[in-house]
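Okay, so here's the structure we're looking at.
We name chains A, B, ... by the order of the sequence lines, and we start the count at 1 in each one. Just so we're clear, the structure is a prediction, and the values are computed from it rather than from any experiment.
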Number of protein chains: 2
Amino acid sequence: MARVTIKDIARTARVTPTTVSNVINGRHARVSKKTIQHVRQVVAHLGYTPNQTARSLVSSVSKLVGVLIPFTEDRNKLLLDNPFYGEMVSGIESSLRANGYHMMLAGIDEGNIDLAPFLQWNVDALIVLGVYQDLLYSSVRSLDLPTLLIDSYVRDDHFFNLRLDDKLAAHQATTHLIDNGHRRISFVAGAIREDGVIARRHEGYRAALSERGIAYDPDLVFTGSVSFDYGKKVASAIASDPSITAAFCAADLIATGLMSGLQMEGRRIPEDISVMGFDNISIGKMLYPALTTVDQGILARGESAGSLITSALAGQAVPKDMRTPTTIIERASVATIGNARRG
Amino acid sequence: MARVTIKDIARTARVTPTTVSNVINGRHARVSKKTIQHVRQVVAHLGYTPNQTARSLVSSVSKLVGVLIPFTEDRNKLLLDNPFYGEMVSGIESSLRANGYHMMLAGIDEGNIDLAPFLQWNVDALIVLGVYQDLLYSSVRSLDLPTLLIDSYVRDDHFFNLRLDDKLAAHQATTHLIDNGHRRISFVAGAIREDGVIARRHEGYRAALSERGIAYDPDLVFTGSVSFDYGKKVASAIASDPSITAAFCAADLIATGLMSGLQMEGRRIPEDISVMGFDNISIGKMLYPALTTVDQGILARGESAGSLITSALAGQAVPKDMRTPTTIIERASVATIGNARRG
DNA sequence: CTGAAAGCGCTTACAG
DNA sequence: CTGAAAGCGCTTACAG
């Protein structure tokens with residue numbers, strides 16, 4: 001049995017497709033109450049689902065928003081197995097759906113920017129996660145669609161931005177460590193990029209140090225990639241300097257690797273060394289000891305992203321820049337040492 | 001500047017839209033070499049991307065495959081923050097894309113089966129992850145689309161199936177524990193459902209026990225949900241029975257919770273108790289000690305799912321039932337005790 | 001309040 | 001080998 005169309009409804013309701021379209025789309029001013037009732041009954045009875053493909057073609061609104069996330073480095077897989085992206089995408093999808101939209105996911109790597117799927121499907125708007133080279137931004141921009149950048153510091157009025165107060169958050173995290181008696185505090189992070197969050201978190205770390213009269217020591221700073229393996233790799237360097245009593249990692253994934261590496265070297269956490277993370281991905285609470293970290297409310301941010309872009313699409317006034325708050329989650333990976341005062 | 005269409009190409013190439021369509025779609029038998037060349041040049045020059053929405057409408061193939069994953073229990077979020085689903089979806093997406101398809105993601109919970117997005121977008125096929133009630137299967141079936149079920153044991157010729165040999169895998173895992181000298185082995189899992197994988201893994205566990213002359217003790221079996229919290233909850237029960245020297249968890253997420261709970265009770269892993277998982281999600285290697293587990297090659301399975309459904313769509317003969325192999329990954333959470341022989 | 005007509009961007013018989 | 005025509009399922013002016 002072929003799928004029921006607007007024509008079928010029209011025929012059995014003895015009206016025209018125009019009228020059916022009007023009641024389906026809630027243009028009630030144009031239809032009598034009686035007709036509305038009747039058409040609705042027929043719709044319910046025949047089990048009609050609008051063909052979005054046809055709608056999209058004629059109205060050029062697809063009710064689709066494209067979401068761009070990075071590919072894995074190696075094999076062109078979506079970075080969805082990274083819990084950060086998994087959770088973020090989950091939040092985006094749910095608020096998109098709540099607002100009558102659907103998500104079209106695509107991956108990018110720096111070398112291969114393929115926006116074709118978005119063009120083919122006529123997406124109404126874009127959300128992009130991650131930081132990229134200029135080429136990506138200019139490509140995206142040329143699509144001329146409402147676009148929301150998450151965690152990017154590129155300056156461009158064309159884009160909406162959803163960010164954290166990264167500098168402040170890192171400042172607070174570092175201060176938390178200092179308040180717990182630590183003075184030799186390592187900073188471990190992904191590569192510092194001008195347009196990225198790490199640069200800001202690094203600034204926050206430095207600011208907190210200097211505020212408390214602690215000299216900045218470049219030897220304590222490690223930057224590589226946002227990955228478990230990198231954290232693990234840094235562990236031996238940190239373990240070999242007993243003066244270091246704490247490490248602030250700019251991503252939980254790094255903190256996880258660092259903890260694992262440190263533990264394999266026989267160091268106890270937090271007795272021998274304290275570790276603090278950033279993000280609050282779900283893994284953190286599964287570790288032993290559980291990770292103390294900066295919560296950025298990933299899921300909620302994803303939802304904000306979805307409703308923000310959706311509001312913009314609905315023509316509502318939406319701020320170009322939105323910041324969401326962070327909080328420190330104290331768990332078990334940070335120890336108080338010396339005669340430190342506790343907050 | 002409006003988007004370039006097939007008409008634009010036709011006009012500037014001085015041919016008809018029919019001809020343009022023929023060259024774009026590779027129906028070369030119908031067009032002269034010269035025309036092909038020419039049209040291609042114009043296409044490249046004008047920067048044409050086909051409007052999939054129009055294609056889909058007329059040809060009723062959308063090049064979209066719907067992927068159904070469970071919602072979280074609480075709040076209608078996709079279970080993408082669960083690393084198992086994240087990784088699986090990542091694999092599916094990449095092989096779909098490699099075969100010229102795109103993914104449309106939707107969530108389901110038992111109470112609320114909304115297949116409308118798939119209807120609206122005219123998906124060509126379906127992949128469903130997880131086990132559900134009959135209602136879901138009959139709804140999906142009535143869509144009358146090629147459908148692949150992952151990890152389901154419902155019997156229905158309408159569906160393609162992609163499974164593990166769950167019983168065998170659990171048998172091997174349990175035997176591995178026995179080989180390492182363990183005899184009081186706990187089984188911790190999600191709820192046992194007739195159509196699900198847990199029932200098979202439980203069978204494998206029992207079979208391995210009986211094969212080695214170890215009596216099955218129902219008190220050692222814990223079933224709840226596939227979650228970190230459930231594993232953690234079971235920890236105290238297991239810790240309180242010192243005769244238990246090992247636990248086989250039918251999911252890594254459970255094993256993670258169990259380890260954390262056990263460690264909080266002051267038990268050392270694997271010295272005091274061994275823990276074995278199932279799945280090989282990325283978290284396992286991040287734990288300390290790293291989790292010994294059954295690898296099911298999640299990413300590769302996702303890729304298989306994508307290429308299987310894609311082959312079926314291409315009209316190729318595809319087996320109705322496919323099984324992928326598992327292997328045991330030895331890491332650090334299982335100890336050899338007594339005078340056990342090692343494999 | 002209701003309907004006839006055109007058209008969105010394509011593909012697909014069919015004719016020549 | 002090339003083209004004229006119809007039509008996929010809708011929405012949108014426009015007329016009445």
Q) Which one is paired to D/dT2, where only Watson-Crick or G-U wobble pairs with both distances under 3.5 angstrom count? A) C/dA15
**Q.** Residue met sooner reading DNA chain D from 5', once B/L57 and B/V15 are mapped to nucleotides
**A.** B/V15
**Q.** Below 4.0 Å: OP1/OP2 of C/dT11 and any side-chain N or O of B/N22
**A.** no
Q: Ignoring backbone atoms, establish whether A/T19 has a side-chain N or O less than 4.0 Å from OP1 or OP2 of C/dC1.
A: no
Q: Map B/A54 and B/T18 onto DNA chain C by nearest heavy atom, then report which one ends up closer to the 5' terminus.
A: B/A54
(Q) So A/S56, base contact, sugar-phosphate only, or nothing? Heavy-atom distance under 4.0 Å. (A) nothing
Q.
Between A/V131 and A/Y137, does the side chain to side chain contact (heavy atoms under 4.5 Å, CB included) criterion hold? Intermediate values first, please.
A. CA-CA 9 Å; A/V131 186; A/Y137 296 107; 4.0 Å; yes
Q: Using only side-chain N and O atoms of A/T35, determine if any of them is under 4.0 Å from OP1 or OP2 of C/dC1.
A: no
Q. What pairs of residues pass the salt bridge (Lys or Arg N to Asp or Glu O under 4.0 Å) test when at least one of them lies in residues 120-149 of chain B, not counting sequence neighbours?
A. B/R141-B/D156
Q. Can you name the residues that form a side-chain contact (heavy atoms from CB on, under 4.5 Å) with A/Q120, not counting sequence neighbours?
A. A/A116, B/T49, B/Q52
**Q.** D/dC10 phosphate, OP1 or OP2, under 4.0 Å from A/R55 side-chain N/O
**A.** no
Q: Look at the side-chain N and O atoms of A/K7 and state whether any lies under 4.0 Å from the OP1 or OP2 oxygen of D/dC8.
A: yes
Q) For A/S152 and A/N161, which heavy atoms make the closest approach, and how far apart are they? A) O-OD1, 3.7 Å
